[in-house]
Every structure is written in structure tokens, then in C-alpha cells.
Amino acid sequence: MIVKKRKVIIDCDPGHDDAVAIMVALANPQYFDILGITTVAGNQTLDKVTKNVLKMFDYLGVRGIPVSAGYSDPLLRPVQTAGFVHGDSGMDGPVLPEPVSTTTGLHAIEFMRKTIEQCDEKVTLIPLGPLTNIGLFLKTYPHLKEKIECIALMGGSIYGGNILAKAEFNIFQDPDCAKIVFDSGLPIIMAPTECCDEGGVLFSEQEEFKKGGKVSRFAYDLFEYYGRYCAKNGWDRVVIYDMTPIIYLMKPELFETQQLRVDIETDGKYCRGCTVCDFRGGAHVEKCEDPKTVLTHVNREAFVQVLFDALKYLDEKYG
Ligand code: BDR
Ligand code: CA
């Protein structure tokens with residue numbers, strides 16, 4: 001299968017798995033031309049997650065990819081950060097100096113507007129955090145929808161959830177903006193928790209990173225800290241959720257998918273942020289005119305190999 005090179009904006013809240021996902025994208029310039037990184041409050045406060053991107057770029061020596069900070073709270077409520085998963089900094093584990101590089105100074109949605117307007121081809125958006133920036137960008141500049149190729153996001157669950165029994169963290173955090181995005185009419189690729197869980201890196205595999213260069217050792221420190229949360233859950237692997245949409249865009253053949261109607265539950269005590277995936281067929285449901293591509297399964301070995309290859313590439317490039 002020939003996969004074209006895409007122009008992408010990665011919207012994120014690093015977050016251990018966001019950081020790893022960005023590294024995979026950086027290691028694959030044949031698939032991704034990264035026009036910019038935008039940040040949103042989620043795993044930690046906006047200032048912390050933004051600082052984490054800058055720190056990581058300084059450490060790796062990444063130059064020329066603009067970073068722009070976006071919204072510091074979801075549309076209708078204050079952010080509820082996930083320090084219990086990602087630590088006080090949002091990326092605890094690796095010890096990195098304060099960043100020297102700075103952001104563009106533009107708000108994330110202004111950066112998106114300017115970049116997408118100026119781009120000579122359609123842009124793919126890759127949201128890896130709550131959908132506040134993306135939802136409000138679409139609401140503010142609806143005429144730019146025609147310049148968006150698709151939105152490939154980590155978020156939602158098919159059956160269960162993680163932050164709630166029936167809701168995944170990113171969608172739970174800002175269900176109102178998630179609804180704007182899911183109802184936008186744009187092609188949506190949704191990487192739900194179930195598929196991400198399948199793609200985890202086994203604890204035994206993570207040990208290999210220690211033997212690598214500077215980038216692999218940075219990844220090891222990320223995995224080591226974040227893996228403690230995974231172990232507490234009784235898992236046998238480190239689930240790098242946010243890598244999933246990135247790898248799908250590179251290698252869709254590794255995945256099984258289903259075309260499904262997906263509605264966002266914006267209210268409710270138990271189900272706020274639930275992504276209601278409609279498996280009904282036949283007489284029970286009207287033809288869905290706007291199905292989402294939901295990733296249902298992944299070939300784990302091939303999936304994690306993409307990460308191992310990425311770390312090797314980055315060790316050689318930046319090590
Ligand atoms: C999502 O929530 C965050 O903790 C992760 O970075 C990921 O984007 C998983 O539910
Ligand atoms: Ca994230």
C-alpha cells in the first residue's frame with residue numbers, strides 16, 4: 001500500500017505517550033511534514049504541557065518546528081489534570097533542564113488558521129489530547145474545514161473507558177468540543193482505548209531501550225515512570241495510547257477498522273464523554289451518512305516495531 005506524505009499539525013498535552021508519539025512522527029519524515037505542534041490543557045496544566053514539548057525538543061535538538069500554546073481549560077468547565085498518571089510535571093521521569101526555546105507567541109488556533117491558510121495542500125490534524133483547540137478552531141474558522149484532509153485522533157472507547165467506566169480521558173475532559181469535532185462532517189479516524197491497549201509495549205521489551213543511545217534512554221525514563229501506572233492497573237504492558245493514530249496514518253495495513261456512527265455523550269454522571277459507537281444494523285438504525293473510521297484491532301508486534309525503528313533512527317540522528 002502506498003501511503004502519501006502528509007502535512008500535519010499535532011495537537012497534544014504531553015504526557016508520556018504524547019511525547020513518544022511525537023518522537024515516532026519525527027522519526028518518519030517520509031510520512032510526516034510536521035507543520036507545528038499545538039498544546040492544550042489535559043494531562044497537566046497548559047503551561048506544564050507546553051514546557052514539556054519545549055524541553056523535549058531542546059533535549060533532542062529538534063529545530064524549526066513551531067510550538068504554540070492553546071486553551072488552558074475545556075470549553076465549559078475547568079481542566080481536571082491527570083497527575084496521578086503523568087506526575088506533577090505531566091512528564092515525570094526524565095530529568096530535563098528548563099527549556100531555552102520558546103513558543104511562537106501565537107494562540108494555537110491562530111497558528112492553525114495561519115498555517116492552514118498558507119498551506120498549498122490539505123492538512124491532517126492529529127489531536128492527542130482533549131479536543132478543545134480543534135473544536136474551537138473549527139467553530140471559529142469553519143471556512144477552513146475544506147483545507148483539512150482528516151482528523152486522526154486518540155480518544156474515546158468502543159465499549160468501556162479509562163477515566164470513567166464508560167468514558168476515555170480526552171473525550172471526558174471536553175465532551176462539548178469533542179461533539180463539535182465529531183459532528184463537523186470531516187473524516188474522523190478514532191483510535192479508541194481498546195485498540196491502543198492491544199498495541200502496548202511489553203515490560204520486557206522496554207528494558208531494551210536502556211541499551212540504546214540518548215533518545216532510547218530518554219524513552220526508557222518515560223516508560224519507566226509511566227509504566228508504574230500501567231503495572232498498578234495489572235497490565236503486562238505499557239500502553240502508549242497516543243502513538244496509535246500516528247502509526248495508523250503510516251501503516252493502515254496493520255489495523256482492522258470499522259465504519260461506525262459515533263455520538264458523544266456530553267452530559268451525565270456516569271457516561272459524560274462516552275463515545276457511543278453504534279453497532280446496530282438493519283431495521284434498527286437509519287443509514288449513517290457520516291460514519292467514523294474506528295480502529296478496532298492492531299497487529300501488536302508490527303506496531304511496536306515501528307517504535308523500535310523510530311528510536312533507532314532518532315538515536316542516530318540526534319544521539
Ligand atoms: C489519553 O489520556 C492521556 O492520559 C493520554 O495522553 C492519552 O492521550 C488516554 O486516555
Ligand atoms: Ca495525550
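Order of listing sets the numbers, starting from 1, for every ligand and every atom in it.
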| task | Could you tell me whether His16 approaches ligand 1 through its side chain, its backbone, both or neither, with non-hydrogen atoms closer than 4.0 Å? | result |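 No part of His16 is near ligand 1 at this cut-off.
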| query | For ligand 1, does Asp18 get within less than 4.0 Å through its side chain, its backbone, both, or neither, judged by non-hydrogen atoms? | reply |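 Side chain only.
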Test: [X] and [Y] ion pair at under 4.0 Å:
{"X": "Arg228", "Y": "Glu224", "answer": "yes"}
{"X": "Lys4", "Y": "Glu121", "answer": "no"}
{"X": "Asp290", "Y": "Lys292", "answer": "yes"}
{"X": "Glu110", "Y": "Arg113", "answer": "yes"}

Could you tell me the residue and atom name of the protein heavy atom closest to [atom], and the distance to it rounded to 0.1 Å?
{"atom": "atom 8 (O) of ligand 1", "value": "Asp242 OD1, 2.6 Å"}
{"atom": "atom 2 (O) of ligand 1", "value": "Phe169 CD2, 3.3 Å"}
{"atom": "atom 10 (O) of ligand 1", "value": "Glu168 OE2, 2.5 Å"}

| request: State the atoms of ligand 1, each with its element, that fall below the 4.0 Å cut-off from a heavy-atom position in Asn162. | output: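 Reading through ligand 1 atom by atom, the close ones are 9 (C), 10 (O).
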| query | Counting from 1, what ligand 1 atoms have a heavy atom of Leu128 closer than 4.0 Å? | reply |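 Atoms satisfying the 4.0 Å criterion: 8 (O).
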| query | Does any N/O atom on Ala82 come nearer than 3.5 Å to any N/O atom on ligand 1? | reply |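 No: no nitrogen or oxygen of Ala82 is under 3.5 Å from one in ligand 1.
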| task | Please confirm whether Asp17 comes within less than 3.5 Å of ligand 1 when only nitrogen or oxygen atoms on both sides are compared. | result |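 Such a contact does occur with ligand 1.
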| task | May I ask you to check if Arg63 and Phe57 form a cation-pi contact, with NZ or CZ under 6.0 angstrom from the six-membered ring centre and within 45° of the axis? | result |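 Not flagged: Arg63 not positioned over aromatic ring of Phe57.
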| request: May I ask you to check whether His107 and Tyr71 place their ring centers less than 6.0 Å from one another? | output: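 Yes.
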| Of Asn43, Val239, Asp13, which has the heavy atom at the shortest distance from atom 3 (C) of ligand 1? |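 Looking at heavy atoms only, the winner is Asn43.
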